[in-house]
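Below is one structure, written out as structure tokens; comments come after it.
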Number of protein chains: 2
Amino acid sequence: MRRPTLEAVAARAGVSRATASRVVNGQTTVAPHIRDAVERAIDELGYVPNSAARSLVTQRTDSIALVVSESPTRVFSEDPLFSTVIRSASVELEAVNKQVVLMLASSAKSHARLERYIAGGHVDGVMLISMHGADPLPTALSRLRVPVVSYGRPAVPVDIPFVDNDNVGGAEAAVRHLLSSGRRRIATIAGPLDMIAGQDRLTGYRNVLRDSDHRSIVAVGDFTRESGSAAMRQLLRDDPALDAVFVANDLMAVGALQSLRQAGRRVPDDVAVVGFDDIDAAKYTEPPLTTMRHPVTEQTAALVRLLLGLFVGGPSDPVILPTELIVRESA
Amino acid sequence: MRRPTLEAVAARAGVSRATASRVVNGQTTVAPHIRDAVERAIDELGYVPNSAARSLVTQRTDSIALVVSESPTRVFSEDPLFSTVIRSASVELEAVNKQVVLMLASSAKSHARLERYIAGGHVDGVMLISMHGADPLPTALSRLRVPVVSYGRPAVPVDIPFVDNDNVGGAEAAVRHLLSSGRRRIATIAGPLDMIAGQDRLTGYRNVLRDSDHRSIVAVGDFTRESGSAAMRQLLRDDPALDAVFVANDLMAVGALQSLRQAGRRVPDDVAVVGFDDIDAAKYTEPPLTTMRHPVTEQTAALVRLLLGLFVGGPSDPVILPTELIVRESA
DNA sequence: ACCTCGTGAGAGAGCGCTCTCTCCACATCC
DNA sequence: GGATGTGGAGAGAGCGCTCTCTCACGAGGT
């Protein structure tokens, strides 16, 4: 009836529980014929180790919390980046036999719960996916005695190893691409300025324009489609003669394209548009979107490596990955 | 150094471990002043129960596996439905203090791992999100002695309680909408026919056309954008005079719109398009997509209730939720 | 005054596993 | 041949918790 225990396996194989445990854990100090007997018993009984009992004594849980901290405006079901990160993190962690415990941190209530949970030693480590600004979570988690890594540089100064892409460099490349194709009045739709990605991509934009003596035309969105739409309308009002826009993410770029269409502007003939992220939908806009790709899957893999490294006392240096310009038809 | 145990709390409060345990677990048979003393000790020590020790004795883990079984063509980072389901399931489960363990079932290797894991009693229950066809997973999981529920009716006949939306009824409503707006040659882009949603939506389409003596024009896709695009081109070749398309999901509808645009057809003037799902992007297509909405969040909530119900011997009847026509500009 | 009964608290077993410690058998060396 | 070393196996403690069983005590009935 009940699931078989190590005791049962040992009895069936005619050995002690300790020996059975050695076989299960792959220790080499077991004679071959005994090992065989135990393995046969395991198969016959369909034995599966009880993880609760195991972690009770080893003080490890072999599970990793994936903490997704979403802002009210940036729900992860809307933003394809979240799911890509979650998916590839799962793949990576499963490959090394770690369990993925998914935790949403939205309300303050869930924050408290989360902290208790993590402080309670239920997980061996935490991967923090917090895209939004003044998030108290990085600070709170770094105080706990649990290894924490972050996807994206935390917005607050806190000592958490992280993986990020080169937002400044990517934005610079995007704007340079617009300049080199002869555009003269290049506006930007920036992301929220309490987010690192928002800040850095704006910085990149400004760097290039400053160096080339063009003036900057800025509207600010919050990385959602809606806000991109609104920001584009704003820009057209501010400077009807603009001939290019660098949009800080693709979701907003989709909204911007819609506003441009409604305003009767042709893309790229009248206005060139470059986005950032290369989400899947970028291929399907009208026209297809030129954008900066960053390797989300590789970033996540690097993040997992970083965390696993911390367990064995490895380095905790940030990892910054480069971005790549993907030229389609919008610019 | 080490995390405080119940023993430590009991000692500090001057009671036995048993009494401290009673307080932690909210039993009422503890005198108020003793309860206060214990609670103070808990606060002072920052005590958090060790879940491994607890599950060892209670035989419960308070965690639920969210098994996402994705087909090679339908990766969940691409399909917004997956993330919506995952997100709302998390929210619902966290509300009742259950942990969410996310498991991806893609390769056969991960299947074996998954079965072992679930058979190992690491989770109290399983929520299966399997959109794709001949998935061996439902069958395999139903054999285990673990409560399992499914999002969407399993494609194979297996005794797993599930929650689904009324695919047949929804498709019927969509096609009736096209008919009532005067369309005469109504084609469909069906989903994969090894999937229940694919089958049922095609059935709904056929039902209405049969009753109204129109002939059906069918192309089959696999629920991806690409396939929608290809299927639309196919349909235009098969019947250049078609004046409406019912597309079995929005992702394919986005692809279909693209093909229509490339073929120089105006939507909805020349060809009306109705999708299914009401994903976020449906609002942002050109023109915005008329579609059948089904309440994913409510479905997920119902699914969670169904699973929690199974724990206490509740009913295991399937739940079917209605769909709703959302009229935008494409039809 | 005795007994019953209910209530609140403690003692202690035991959940299934790991891991140290111990022991035994046998090979090796002076 | 006795001391020493070595590889392989068992004994048993203990991880932190829950929960049953037991007991002490006081209220209420006879």
Side-chain angles (χ1 to χ4, degrees), chain A residues 1-39 41-42 45-63 97 99 116-117 119-124, chain B residues 1-39 41-42 45-63 97 99 116-117 119-124:
Chain A
M1 198 72 263
R2 189 165 219 138
R3 291 171 45 211
T5 69
L6 238 207
E7 192 78 54
V9 171
R12 181 162 194 121
V15 299
S16 74
R17 201 175 56 241
T19 303
S21 172
R22 288 189 185 101
V23 173
V24 169
N25 292 290
Q27 289 188 27
T28 50
T29 63
V30 181
H33 69 280
I34 297 215
R35 165 176 304 272
D36 287 349
V38 173
E39 280 170 351
I42 290 176
L45 295 174
Y47 170 76
V48 182
N50 179 319
S51 60
R54 180 178 279 174
S55 21
L56 186 56
V57 35
T58 59
Q59 309 280 24
R60 283 183 299 102
T61 62
D62 284 331
S63 53
N97 264 292
Q99 252 26 262
R116 283 194 83 75
Y117 185 76
H122 296 66
V123 292
D124 296 344
Chain B
M1 201 72 259
R2 187 164 220 141
R3 292 170 44 209
T5 70
L6 238 206
E7 193 78 55
V9 171
R12 182 163 194 120
V15 300
S16 73
R17 201 175 56 240
T19 302
S21 173
R22 289 188 184 102
V23 173
V24 170
N25 292 290
Q27 289 188 27
T28 51
T29 63
V30 180
H33 70 280
I34 296 213
R35 166 175 304 273
D36 287 350
V38 173
E39 279 169 350
I42 289 175
L45 295 174
Y47 170 75
V48 182
N50 179 319
S51 60
R54 179 178 280 172
S55 355
L56 187 55
V57 36
T58 58
Q59 309 279 22
R60 283 182 299 101
T61 62
D62 283 333
S63 51
N97 264 295
Q99 252 27 260
R116 283 194 83 75
Y117 184 77
H122 296 66
V123 292
D124 296 345

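Letters A, B, ... mirror the listed sequences (proteins, then strands); counts begin at 1. Computed from a prediction, not measured in an experiment: that's the story for all the values here.
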**Message:** If I take atom CD1 in residue A:Ile34 and atom P in nucleotide D:dG7, what distance separates them, rounded to the nearest angstrom?
**Reply:** 17 Å

**Prompt:** Side chains of B:Val9 and B:Leu45: closer than 4.5 Å at any heavy-atom pair?
**Reply:** yes

**Side chain of A:Ser21 (C-beta onward), nearest among C:dT18, D:dC17, D:dT18** = C:dT18

**Request:** Please report the C-alpha distance between B:Arg54 and B:Val24 in whole Å, then the side-chain angles of each, then the deciding distance to 0.1 Å, and finally whether the side chain to side chain contact (heavy atoms under 4.5 Å, CB included) criterion is met.
**Result:** CA-CA 12 Å; B:Arg54 179 178 280 172; B:Val24 170; 3.6 Å; yes

**Message:** Taking the axis from the first five pairs and the axis from the last five, what angle separates them in the helix from C:dA1-D:dT30 to C:dC30-D:dG1, rounded to 10 degrees?
**Reply:** 50°

**Fill in**
Of all heavy-atom pairs linking A:Leu56 and B:Asn50, the shortest is CD1-ND2, 4.2 Å

**Item:** Among C:dT18, D:dG12, D:dC17, the one nearest B:Thr5 by side-chain distance
**Value:** D:dC17

**Request:** Report the distance from atom CZ of B:Arg60 to atom C1' of C:dG16, rounded to the nearest whole Å.
**Result:** 17 Å

**Request:** Could you check whether A:Ala31 gets within reach of a base, just the sugar-phosphate, or nothing at all, counting any heavy atom under 4.0 Å?
**Result:** sugar-phosphate

**Request:** Kindly give the heavy-atom pair with the smallest separation between A:Glu39 and A:Val23, and that separation in Å.
**Result:** CG-CG1, 3.9 Å

**Prompt:** Looking only at heavy atoms, which two atoms of B:Val30 and B:Arg22 are closest? And how far apart?
**Reply:** CG2-CB, 3.7 Å

**Request:** Would you kindly give the CG-to-C1' distance between B:Leu56 and D:dC19, to the nearest whole Å?
**Result:** 13 Å

**Nearest atoms (heavy-atom pairs only) where A:Arg60 meets A:Ser55** = O-CB, 2.5 Å

**Message:** Looking only at the side chain of A:Gln59 (C-beta and beyond, no hydrogens), which of the listed nucleotides D:dC15, D:dC19, D:dA9 gets closest?
**Reply:** D:dC15

**Request:** Could you check how far CG of B:Asn50 sits from C1' of C:dC17, rounded to whole Å?
**Result:** 13 Å

**Prompt:** Within less than 4.0 Å of OP1 or OP2 of C:dG10, is there a side-chain N or O belonging to B:Thr19?
**Reply:** yes

**Asked** In whole angstroms, how far is the C1' atom of C:dT20 from the CZ atom of A:Arg22?
**Response** 10 Å

**Item:** Atom pair distance, as rounded to whole Å: CG in B:Leu6 and P in C:dA11
**Value:** 14 Å

**Residue-phosphate contact under 4.0 Å: A:Ser16 side-chain N/O, D:dG10 OP1/OP2** = yes

**Request:** Provide, to the nearest angstrom, the distance between the CZ atom belonging to B:Arg17 and the P atom belonging to C:dG10.
**Result:** 12 Å

**Fill in**
Assign each of B:Gly14 and A:Ala52 the nucleotide of DNA chain C bearing its closest heavy atom; nearer the 5' end lies the nucleotide of B:Gly14

**Prompt:** If you look at every strand shown and take non-hydrogen atoms under 4.0 Å, does B:Val24 touch a base, only sugar-phosphate, or nothing?
**Reply:** nothing

**Minimum heavy-atom distance between A:Tyr117 and B:Gln99, given as atom pair plus value** = OH-CG, 3.0 Å

**Item:** Residue met sooner reading DNA chain D from 5', once A:His33 and B:Ala53 are mapped to nucleotides
**Value:** A:His33

**Item:** Length of the line joining A:Gln27:CD and C:dT20:P, which is rounded to integer Å
**Value:** 9 Å

